[in-house]
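In what follows, every heavy atom counts, from backbone to side chain, and hydrogens, waters and symmetry copies are set aside.
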Amino acid sequence: SLSDDVGPEGLPKLLAVGLAIVAALILVRGLVASVRLRGVAERALQSDALGSSVHGFVAPLADPSDAWVDLDGSELATPASTIKLWTATAALDAYEPQGRLETSVVWDATSNRLVLVGGGDATLTTAADRTAGTASLAALAKATARALRRQDATSVRLGYDDGLFTGPSVSPAWEPTYVTSGVIAPVTALMTDQGRVTPDGEARLPDPALGAAQSFGATNKGRRSGGM
């Protein structure tokens, strides 16, 4: 459990913690963790970069009372990102496991207007990635271009709809620098690459929905001879 004041500088340390603990779990194979690995994990968890409230507890399932690493593990703490576990549980209870969050397009032939509709898919990417198995704007643009050709559409106006979600896109509880420093993007029903400016970058878009629509328009325009 980590405090909410963990900044970007703490992320590499988090990775170090994860690697140290995973290494311990792999190497010990049910035996007592080595003193060296235990020390690495404890030093990483005690880093100031992780914030003011860090709690850690790693133990074998066979005997949870025999902790390999225990850093205030029995103390009460306000959860940070671990709240995602409860969010996922609530989602699975409210929706069927086979349910899908779909990004779609709506075509109005009367006004030659195409609307990109966000369905809340935070895993949507700009480019296709077969290894990830996620949906992409590239695949949607390809299918849309084929459909527009069948409609003999030569000029298209593009709009977007991100109205599925209600409430503020930026939590008032977030640190002011979370978006500008690339920790997270504003939460919208339409975004690609988790709201990043570039797929492999850290910077986040101030308006992920607009960015997704612009990427979709550019991709689709490249697949058609007409304007968009």
Side-chain angles (χ1 to χ4, degrees), residues 8 11 84 87-171 174 178-228:
L11 297 181
K84 295 173 184 176
T87 303
T89 301
L92 289 174
D93 181 65
Y95 300 97
E96 295 295 329
Q98 65 270 21
R100 294 293 182 268
L101 303 177
E102 297 183 357
T103 306
S104 59
V105 292
V106 177
W107 169 242
D108 184 357
T110 304
S111 60
N112 279 357
R113 188 167 187 262
L114 189 72
V115 179
L116 178 65
V117 182
D121 183 3
T123 66
L124 183 69
T125 58
T126 302
D129 186 351
R130 295 181 179 179
T131 60
T134 56
S136 70
L137 279 187
L140 183 59
K142 183 177 181 179
T144 301
R146 288 197 301 263
L148 290 175
R149 282 194 293 268
R150 290 195 295 268
Q151 294 286 335
D152 294 325
T154 58
S155 180
V156 174
R157 295 189 303 122
L158 177 63
Y160 67 93
D161 180 359
D162 65 341
L164 179 64
F165 295 163
T166 60
S169 60
V170 176
S171 170
W174 290 353
Y178 272 8
V179 175
T180 57
S181 61
V183 174
I184 193 171
V187 178
T188 63
L190 175 62
M191 68 166 59
T192 58
D193 306 315
Q194 298 181 350
R196 290 183 171 86
V197 176
T198 58
D200 298 326
E202 293 185 0
R204 309 280 183 157
L205 293 165
D207 189 343
L210 176 60
Q214 291 174 335
S215 295
F216 181 75
T219 303
N220 222 328
K221 186 175 182 179
R223 295 181 180 275
R224 302 175 58 250
S225 57
M228 176 166 282

Hey, could you give me the [atom1]/[atom2] distance between [X] and [Y], rounded to the nearest 0.5 Å?
X	Y	atom1	atom2	value
Thr188	Tyr160	OG1	OH	9.0 Å
Asn112	Gln151	CG	CD	9.5 Å
Thr103	Met191	OG1	CE	11.0 Å
Ser169	Asp162	OG	CG	9.0 Å

Which residue pairs pass the side chain to side chain donor-acceptor pair (under 3.5 Å) test with at least one member in residues 114-138, sequence neighbours excluded? Asp121-Thr123, Thr126-Thr192, Thr126-Asp193, Asp129-Thr131

Taking the side chain as everything from C-beta on, heavy atoms only, tell me whether [X] gets closer than 4.5 Å to [Y].
X	Y	answer
Leu114	Val156	yes
Tyr178	Val170	no
Leu140	Leu116	yes

Show your working on side chain to side chain contact (heavy atoms under 4.5 Å, CB included) between Trp174 and Val183 and close with a plain yes or no. CA-CA 10 Å; Trp174 290 353; Val183 174; over 6 Å; no

Trp107 and Thr144: side chain to side chain contact (heavy atoms under 4.5 Å, CB included), yes or no, with the steps? CA-CA 9 Å; Trp107 169 242; Thr144 301; over 6 Å; no

Check whether any side-chain N or O of Arg204 sits under 3.5 Å from a backbone N or O of Val179 as a donor-acceptor pair, and report yes or no. no

Nearest atoms (heavy-atom pairs only) where [X] meets [Y]:
X	Y	answer
Pro186	Pro206	CG-O, 3.5 Å
Leu164	Ala189	CB-CB, 3.7 Å
Thr219	Ala141	CG2-CB, 3.6 Å
Ser215	Leu137	CB-CD1, 4.2 Å
Pro208	Gly195	CB-CA, 4.1 Å
Ala128	Ala138	N-CB, 4.0 Å

Would one find more than 12 heavy atoms of other residues, nucleotides or ligands at under 6.0 Å from atom OH of Tyr95? no

With side chain to side chain contact (heavy atoms under 4.5 Å, CB included) as the test, would you mind laying out the steps for Val106 and Val117 before giving the verdict? CA-CA 7 Å; Val106 177; Val117 182; 3.9 Å; yes

Applying side chain to side chain contact (heavy atoms under 4.5 Å, CB included), run through Leu190 and Asp161 and close with a yes or a no. CA-CA 8 Å; Leu190 175 62; Asp161 180 359; over 6 Å; no

